[in-house]
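Structure record follows, encoded as structure tokens.
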Amino acid sequence: MHDLRTLRDHLDAIRDRLGPRGADVQWETLRKLIEERRALTGRVEQLRADLKKGSDEVARLKREKQPAETAVAAMKAVGERIAEGETALRTIEESLSDLALRIPNLPHETVPVGRTAEENREVRRWGAPPLLTAPPKAHWDIGEALGILDFDRAAKIAGARFAVLTGAGARLERALINFMLDLHTTEHGYREVMPPLMVNRLAMTGTGQLPKFEEDLFRLRDEDYFLIPTAEVPVTNLHREEILNESALPVRYTAYTPCFRREAGSYGKDTRGLIRLHQFNKVELVAFTKADQSYEELERLTGHAETVLQRLGLHYRVMALCTGDMGFSAAKTYDIEVWLPSQNQYREISSCSNFEGFQARRAGIRWKGAGGKKDSKTEFVHTLNGSGLAIGRTLVAILENYQQPDGSVLIPEILRPYMGGMARIEKE
RNA sequence: GGAGGGGUGACGGAGCGGCCGAACGUGCCGGUCUUGAAAACCGGAGACCUCGUAAGGGGUCCGCGAGUUCAAAUCUCGCCCCCUCCGCCA
């Protein structure tokens, strides 16, 4: 969410900078509500000041045993006017915050301008595609042939867009989770978190999934809880309505969680395989920093996600998303795309974003210096997060990039200790 | 699910319906003292909204929301959360 004063003073500039991203925002209603709120707030506050003085006067009269009927009657009238004003003010503020919560974040000045993914800018590449002697097979063919992936039975017990991993497949998934968590906690300095997988409406609003994107979420029927679409939600909201101590910053967390997404509107896309499921595993990186350090942190965090791919020996490229392809809350986003031989293209495996103060303002996450001096005013933190990495897609990349002509799949060196020494997945 | 207790500032912990943004203690910041530190003493320090170029002014906040009243941290009701005991349970 944007700061209301900034919004009031620079509404046109913000609308211009958002361009097409702000197309469905009701700017004029917003402008009107902001003005109405300001005017009404002033009036109500003046009345409350009158009431306070008047009530003190009543108290004085009663102490001095003087008649107070006139003053009491006058204050009763003032009280009624305040009640009316407050009711009106509440209505205005509800409409206002509903509108304001639907305005996307402003892109950072370094974000390339564009409308679609076509206009994303490649930042760098690492490694090279593997040299395969046979035409590459798709991961679902490889996995089903090896007996480690089962989509038919997943459909039987759940439905489309679910998968069952068995045997070495399940173990590989678990190995990837453990490898990534170990890397981030021991070498990159993140604190491991295991959060709830269901969160309330406030948490979803804090990170920006609500109110605008409710149709993307799974919601419980009898409770107002939502299944998390990413660990970003519970982990960022750990510090909702908190004032962090300056000495604690930057705060860095990593969390493994399953993620749940409706995938509404993606019918027909990636219907086969593990690429797009209603439930998938992910190791997430989350950071809280001071405002002047968040872009440095974004580079760091993206680098941490890249390290995972480098250790696994998987070829990838890093893309700076253009203004039109970025998510609602982000100010700048890098996508990391891994090479998939069967598709002959790069596919997103991580998305790392700086949200600046956008989520912090929604969630009330601030920081303050130690000194009780005037120079230690409270400020909103900047929040960041990125996948480090999406586990299922990493498994896809391993199956496809390490496939052998005989149908087996080599296991990257770094994972072998996590696989009980196994070097290759073969049909059992 | 049943019974009882409780939610106050960074923390602990007071608070006759008006003089309470809130005693007291700890912690924190600055100062005095000291070779330095500690102790002691003195002083300071919450968050948010709003008007104002500023200095400064006004308002809100004692879990959340309604209500009673001229006036609510204090009274009433609903909700949320925490604790103890019982039941159930991985």
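In what follows, chains are A, B, ... by sequence order, proteins preceding strands, each numbered from 1.
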query: With sequence neighbours excluded, what pairs up with A/Phe355 under the ring-ring contact (aromatic ring centres under 6.0 Å, His included) test?
result: none
query: Going by atom types only, do A/Tyr316 and A/Gln310 share a side-chain donor-acceptor pair under 3.5 Å?
result: yes
message: With side chain to side chain donor-acceptor pair (under 3.5 Å) as the rule and sequence neighbours excluded, what pairs involving residues 74-92 of chain A come up?
response: A/Arg48-A/Glu86
- prompt: In residues 81-89 of chain A, what residues come within less than 4.0 Å of RNA chain B, judged by heavy atoms?
  reply: none
task: Name all residues meeting the ring-ring contact (aromatic ring centres under 6.0 Å, His included) criterion together with A/Tyr253; count only those two or more places apart in sequence or in a different chain, and write none if there are none.
output: A/His239
task: Give none if B/U76 has no partner; otherwise give the nucleotide forming a Watson-Crick or G-U wobble pair with it, both distances under 3.5 Å.
output: B/A66
task: Between B/C70 and B/C83, how far apart are the P atoms? Round to whole Å, please.
output: 41 Å
- prompt: Using purine N1 to pyrimidine N3 plus N6-O4 or O6-N4 for Watson-Crick, or N1-O2 and O6-N3 for G-U wobble, each under 3.5 Å, what pairs with B/G43?
  reply: B/C29
message: Any side-chain to backbone donor/acceptor pair from A/Ser387 onto A/Ser351? Under 3.5 Å, distance only.
response: yes
- prompt: In whole Å, what is the span from the CG atom of A/Asn245 to the C1' atom of B/A47?
  reply: 16 Å
- prompt: Under the ring pair (Phe, Tyr, Trp, His ring centres under 6.0 Å) rule, what pairs show up with a residue in residues 157-181 of chain A, not counting sequence neighbours?
  reply: A/Phe162-A/His278
- line: Nucleotide by nucleotide, nucleotides 50-76 of chain B touches protein heavy atoms under 4.0 Å in the pattern (B base, S sugar-phosphate only, - none) SS------BSS-----S---BS-----
message: Roughly how many Å apart are B/C81 and B/G43, using the P atom of each and rounding to a whole number?
response: 45 Å
query: On a whole-Å scale, what distance lies between the C1' atoms belonging to B/G63 and B/G58?
result: 27 Å
message: If I pick the P atom on B/U32 and the same atom on B/A22, what distance separates them, to the nearest angstrom?
response: 29 Å
Under 3.5 Å, sequence neighbours excluded: what are the donor-acceptor pairs made by side chains of residues 164-178 of chain A?
unit_1	atom_1	unit_2	atom_2	d
A/Thr166	OG1	A/Gly147	O	3.0
A/Glu173	OE2	A/Asn281	ND2	2.7
A/Asn178	ND2	A/Arg174	O	3.4

- prompt: What distance, rounded to whole Å, do you find between the two C1' atoms, one in B/C64 and one in B/U8?
  reply: 15 Å
task: Could you state the atom-to-atom distance from CZ of A/Arg240 to C1' of B/C81 in whole Å?
output: 12 Å
- prompt: Rounded to whole angstroms, how far apart are CG on A/Leu96 and C1' on B/C49?
  reply: 13 Å
message: If I pick the C1' atom on B/G13 and the same atom on B/G9, what distance separates them, to the nearest angstrom?
response: 12 Å
field: Any strand: nucleotide that pairs with B/U84 via Watson-Crick or wobble, under 3.5 Å
entry: B/A3
- request: If B/U53 has a Watson-Crick or G-U wobble mate with both distances under 3.5 Å, name it; if not, just say none.
  value: none
message: Without decimals, in angstroms, what is the distance between A/Glu57 CD and B/C19 P?
response: 14 Å
message: In this structure, how many angstroms lie between the P atom of B/G9 and the CD atom of A/Glu242, rounded?
response: 14 Å
- line: Whole-Å distance, A/Glu246 CD to B/C28 P, equals 17 Å
query: How close or far is atom C1' of B/C49 from atom CZ of A/Arg366, stated in whole angstroms?
result: 12 Å
- request: Round to the nearest Å and state the distance from A/Tyr225 atom OH to B/C81 atom C1'.
  value: 10 Å
message: Going by ring-ring contact (aromatic ring centres under 6.0 Å, His included), name the residues that satisfy it together with A/His382, two or more places apart in sequence or in a different chain.
response: none
Flag for A/Thr383-A/Gln359: side-chain donor and acceptor within less than 3.5 Å: yes
C1' spacing across the pair B/G36 / B/A45, given as an integer number of angstrom: 27 Å
B/G12 to B/C62 separation - C1' atoms, rounded to the nearest Å: 16 Å
message: Can you pull out every ring pair (Phe, Tyr, Trp, His ring centres under 6.0 Å) where at least one residue sits in residues 58-116 of chain A? Sequence neighbours excluded, please.
response: A/His108-A/Tyr295
